[in-house]
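Remarks on the structure that follows.
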There are 2 protein chains.
Amino acid sequence: MNVRLRHDAIVRSLRRNGTSTIDTLAEEVGASRRTVLRDISALRDEGYVIHSDVGRGGGLQLDPQSIQTRAKLSVPEVFALLISVAAMRAAGNLPFAELADAGLAKIEKALPPDKVKDLRAFLECLHIGQLSPLQDLSDTGKMDPDLLSAFEAAFLNRHMIRFDYRDAKGRKTRREVEPQAMLILPPLWYLVGWDPARGDFRHFRMDRISTPEALSGTTFRRRHVPFEDDVCPYSALTP
Amino acid sequence: MNVRLRHDAIVRSLRRNGTSTIDTLAEEVGASRRTVLRDISALRDEGYVIHSDVGRGGGLQLDPQSIQTRAKLSVPEVFALLISVAAMRAAGNLPFAELADAGLAKIEKALPPDKVKDLRAFLECLHIGQLSPLQDLSDTGKMDPDLLSAFEAAFLNRHMIRFDYRDAKGRKTRREVEPQAMLILPPLWYLVGWDPARGDFRHFRMDRISTPEALSGTTFRRRHVPFEDDVCPYSALTP
DNA sequence: CAAATGGTGCCATATTTTGGCACTATTTCG
DNA sequence: CGAAATAGTGCCAAAATATGGCACCATTTG
């Protein structure tokens, strides 16, 4: 039997039985006592907390808190999770934020080093604040699902971004802007772009953007984005 | 060299070079052509998308979108991430929600089956709505970090929960309630408990709860929690 | 056509994992 | 106390697995 499968079988068995002796485990998974002992040691190295009591009535016990998933996530998925948690905690008073952060920190540690750099660059563009309660939210629409990949490419590689925009009065325009920052005023999200044609910053509500596209041939330099005092850039999770 | 390390080395090399031939890779990682071919095949099985072109000028190319992390998360961390994303998306209009969901679905698939059942039971208790803009948020405090583990145990095993509560007027009481639901009105979180002593439901703001403790000897039955119409129970991510 | 590339099957060899055994240390039961 | 039950370690031969080399095939490019 495969090592991986045997480890899983041992964990399952420990979870089911509460307490098991090494010999019981060995019989259950069809391996020798010696091998099970080696597996236990390996599981401990992996982070599983397994208590042991020697003597009559003793045995092994798995701490259920220490059970770990080993999900494989793609980089955009990690970005999305991170943004969600960051936005939520900024929206105020997220319980369990420490745990969510700990999870994200682990995920971040598992990323390739240059992706971590990308992640931090992305987070630097993220500004979070509180929306005025007077804002009319009645026409809030759905976000274009292509936004994240277009934005990821645009922010990370300093590409300009082109999209169709429908403003509050329903007028449609085609825009080409430098994506300088992302502003989150829950539940609304804005792209803060420098519009070269107009020589000024413009805020675009994300749910009014359609057919976004990063212009891979272009680059731009970062500008100082004038934010009000109560809007602060998001500080990265792990310092 | 270790298989794991060699796989990592191959991925790194592919990421750095853009296009590599098998022979270049073999030289770089110090293995034979045959072994590198086997490794490429294994990486593809793991989910890496590697394009190949035969003929002069051909070679291998790694699709950067397919790079995966393999973080190991504990179960409470998964709960915390899930709650964060669920709450955020309910708070309105979370961009990239699909991606975050996809990530969570993967994580959920990697959980042991009984933990998935727990997760769903937990989510059934989660009700999410919109806070009235008139609510005074000035005295919002920090959540007790022990809340999640106490709540997890209490919700999943139907244990009563005991805690100290400080109400809006600053009066402190000690409570023992059945945790029937969790109500999220961002940015505030409430425990909805049936108080047997008072024979009625009570709402407790989570940031006013301290020293929570699941009473492991007790159980209770689920009651119908009277929610207003605009508060809906959170529906699990993967159907 | 020849050269450059990815890809497969086979087999002997190198490496790693496994099982068995002897042994130690600790606890519990009678 | 002594015997039994338990976890844990070190060592070595045997079993299993990974590796490298080779011959070979298919496709593309010049």
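Chain letters run A, B, ... following the sequence lines, proteins first and then strands; every chain starts at 1. Reckoned from all heavy atoms, side chains included, excluding hydrogens, waters and symmetry mates.
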Can you tell me how far [atom2] of [Y] sits from [atom1] of [X], rounded to the nearest 0.5 angstrom?
X      : Y      : atom1 : atom2 : result
A:F163 : A:E176 : CZ    : CD    : 10.0 Å
A:S20  : A:I10  : OG    : CD1   : 10.0 Å
A:L62  : A:L43  : CG    : CG    : 8.5 Å
A:L183 : A:M206 : CG    : CE    : 9.0 Å
A:D8   : A:R70  : CG    : CZ    : 5.0 Å

Open item on the list: Under the side-chain contact (heavy atoms from CB on, under 4.5 Å) test against A:I50, which residue among A:V11, A:D63, A:L60 passes?
Closed with: A:L60
Show the nearest heavy-atom pair for residues [X] and [Y], with the distance to one decimal.
X      : Y      : answer
B:M160 : B:P196 : CE-CG, 3.8 Å
B:R33  : B:A26  : N-CB, 3.9 Å
A:H159 : A:T218 : ND1-O, 2.9 Å
A:I209 : A:F204 : CD1-CB, 4.1 Å
A:L191 : A:P179 : CD1-CB, 3.8 Å
A:A31  : A:V36  : CB-CG2, 4.5 Å

Task: Test item: A:Q180 side-chain N/O and A:R223 main-chain N/O as donor-acceptor pair under 3.5 Å - done: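 Yes; judged by distance alone, with no hydrogens or angles, the pair exists.
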TODO: Please confirm whether the backbone N or O of A:E46 pairs with a side-chain atom of B:K72, one donor and one acceptor, at under 3.5 Å?
DONE: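 Indeed, once roles are kept as given, a pair shorter than 3.5 Å links the two residues.
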Could you identify which residues of [range] place a heavy atom less than 4.0 Å from some atom of DNA chain D, listed by residue number, or say none?
range                     : result
residues 59-67 of chain B : none
residues 12-19 of chain A : none
residues 27-35 of chain A : A:R33, A:R34

- [ ] Run the numbers on B:R175 and B:T173 for side chain to side chain donor-acceptor pair (under 3.5 Å), then give the verdict.
- [x] CA-CA 6 Å; B:R175 303 291 185 124; B:T173 44; 3.0 Å; yes
Task: Contact boundaries on DNA chain D for chain A, cut-off under 4.0 Å to non-hydrogen atoms - done: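 The protein-touched segment is D:dA3 to D:dC11.
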Open item on the list: Do A:Q68 and B:S74 pair up side chain to side chain, a donor and an acceptor below 3.5 Å, judged on atom types alone?
Closed with: no
- [ ] Using the closest heavy atom to pick a nucleotide of DNA chain D for each, name whichever of A:N2 or A:I22 lands nearer the 5' end.
- [x]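 Closest to the 5' end, via its nearest nucleotide, is A:I22.
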- [ ] Extract, from 5' to 3' on DNA chain C, the first and final nucleotides lying under 4.0 angstrom from some heavy atom of chain A.
- [x] C:dT18 to C:dC29
Task: Within residues 37-56 of chain A: residues closer than 4.0 Å to DNA chain C (heavy atoms) - done: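 Of all residues in residues 37-56 of chain A, the ones placing a heavy atom under 4.0 Å from DNA chain C are A:R38, A:V54, A:G55, A:R56.
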Open item on the list: Counting C-beta onward and ignoring hydrogens, is there a side-chain heavy-atom pair between A:N17 and A:E28 closer than 4.5 Å?
Closed with: yes
